[in-house]
Amino acid sequence: MTMGQLAGLIAAIAFFVLVLFIGVFLVRLSATLKETKSSVAVLTSDADALSKEVEVILSNANELLEDVNKKVATVDPAFQAVADLGTSVSELNDATHKVTDRFKSSGKKTAGTGIAATVGKTVVESIWKHHRAKKAKKSEI
């Protein structure tokens, strides 16, 4: 065997080994691609099922939010009434402070009659002002 033939034989064996490795690689690549294709199909069907379930959940959540909004709208007048009551109590408290300050500065009136009359007058005036303001507010609406 000559040197040229030996080099050709080595090249042929190297090419054969290269073809074998490429063949094995392509077979494994083909199997991996088939597995990937089946995984994508499963994921697609699972995603479809999940999207339908999420749609149902969102629909239920929307219905619950609408129900809560209706109930909050029903309770709003009660909160407004409590706020009005707080304002009235605050006004009454201010009026009581004013009466107390007047009583302290004025020593001419008798203790029992002067305080009762002044407190009563201030309370009635405060309630009357609040009533007129509320009536005016309703007529604006």
Side-chain angles (χ1 to χ4, degrees), residues 1 3-141:
M1 216 185 256
M3 206 54 141
Q5 290 175 345
L6 184 61
L9 183 62
I10 292 174
I13 292 172
F15 185 74
F16 179 73
V17 170
L18 179 66
V19 170
L20 281 178
F21 281 123
I22 290 175
V24 170
F25 172 75
L26 289 176
V27 168
R28 288 184 180 174
L29 180 64
S30 175
T32 303
L33 288 176
K34 286 179 185 177
E35 186 68 29
T36 303
K37 182 180 177 182
S38 66
S39 296
V40 168
V42 169
L43 287 174
T44 302
S45 66
D46 288 349
D48 288 341
L50 282 174
S51 67
K52 290 176 184 176
E53 290 179 19
V54 167
E55 185 177 335
V56 170
I57 289 171
L58 288 176
S59 174
N60 289 340
N62 285 338
E63 289 175 12
L64 286 173
L65 283 175
E66 288 176 13
D67 186 44
V68 167
N69 286 337
K70 288 177 185 176
K71 289 179 180 175
V72 166
T74 303
V75 177
D76 275 345
F79 286 118
Q80 185 61 42
V82 169
D84 292 343
L85 179 63
T87 303
S88 298
V89 168
S90 178
E91 290 173 359
L92 179 62
N93 192 19
D94 290 340
T96 305
H97 284 293
K98 288 179 184 177
V99 169
T100 306
D101 291 341
R102 283 187 206 160
F103 178 70
K104 286 180 183 176
S105 64
S106 145
K108 297 178 183 177
K109 294 185 178 180
T110 58
T113 309
I115 291 175
T118 307
V119 169
K121 179 181 175 187
T122 307
V123 168
V124 169
E125 286 176 355
S126 175
I127 292 172
W128 183 251
K129 285 180 185 177
H130 181 67
H131 175 70
R132 278 191 276 155
K134 199 171 185 181
K135 194 173 187 179
K137 191 175 181 181
K138 283 185 180 179
S139 66
E140 290 176 4
I141 294 174

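This one's a predicted model, so the numbers in the text were calculated from it and none came from an experiment. What's counted below: heavy atoms across the whole structure, side chains too, no hydrogens, waters or symmetry copies.
- For the residue pair H97 and N93, a side-chain donor N or O sits within less than 3.5 Å of a side-chain acceptor on the partner.
- Atom-to-atom distance recorded for I127:CD1 and T122:OG1 is 11.0 Å, nearest 0.5 angstrom.
- Note that CZ of F15 and CD1 of I22 are 7.5 Å apart. Values are rounded to the nearest 0.5 Å.
- Within the 4.5 Å cutoff, the side chain of E63 has no heavy atoms near those of the D67 side chain.
- By the 4.5 Å heavy-atom criterion applied to side chains, L92 and V123 are counted as neighbours.
- Across all their heavy atoms, H130 and D84 have their closest contact at CE1-O, 4.2 Å.
- Taking CD of E66 as the start and CG of L64 as the end, the distance is 9.5 Å to the nearest 0.5 Å.
- Between the CG atom in N62 and the CD1 atom in I57 there is a gap of 12.0 Å [rounded to 0.5 Å].
- Note that NZ of K52 is 11.0 Å distant from CG of L50, once rounded to the nearest 0.5 Å.
- For S90 (side chain) and G86 (main-chain N/O), no donor-acceptor pair under 3.5 Å exists by modelled atom type.
- Using modelled atom types, one side-chain atom of T44 and one backbone atom of V40 make a donor-acceptor pair closer than 3.5 Å.
- Atom CZ of R28 has 12 or fewer neighbouring heavy atoms from other residues, nucleotides or ligands inside a 6.0 Å radius.
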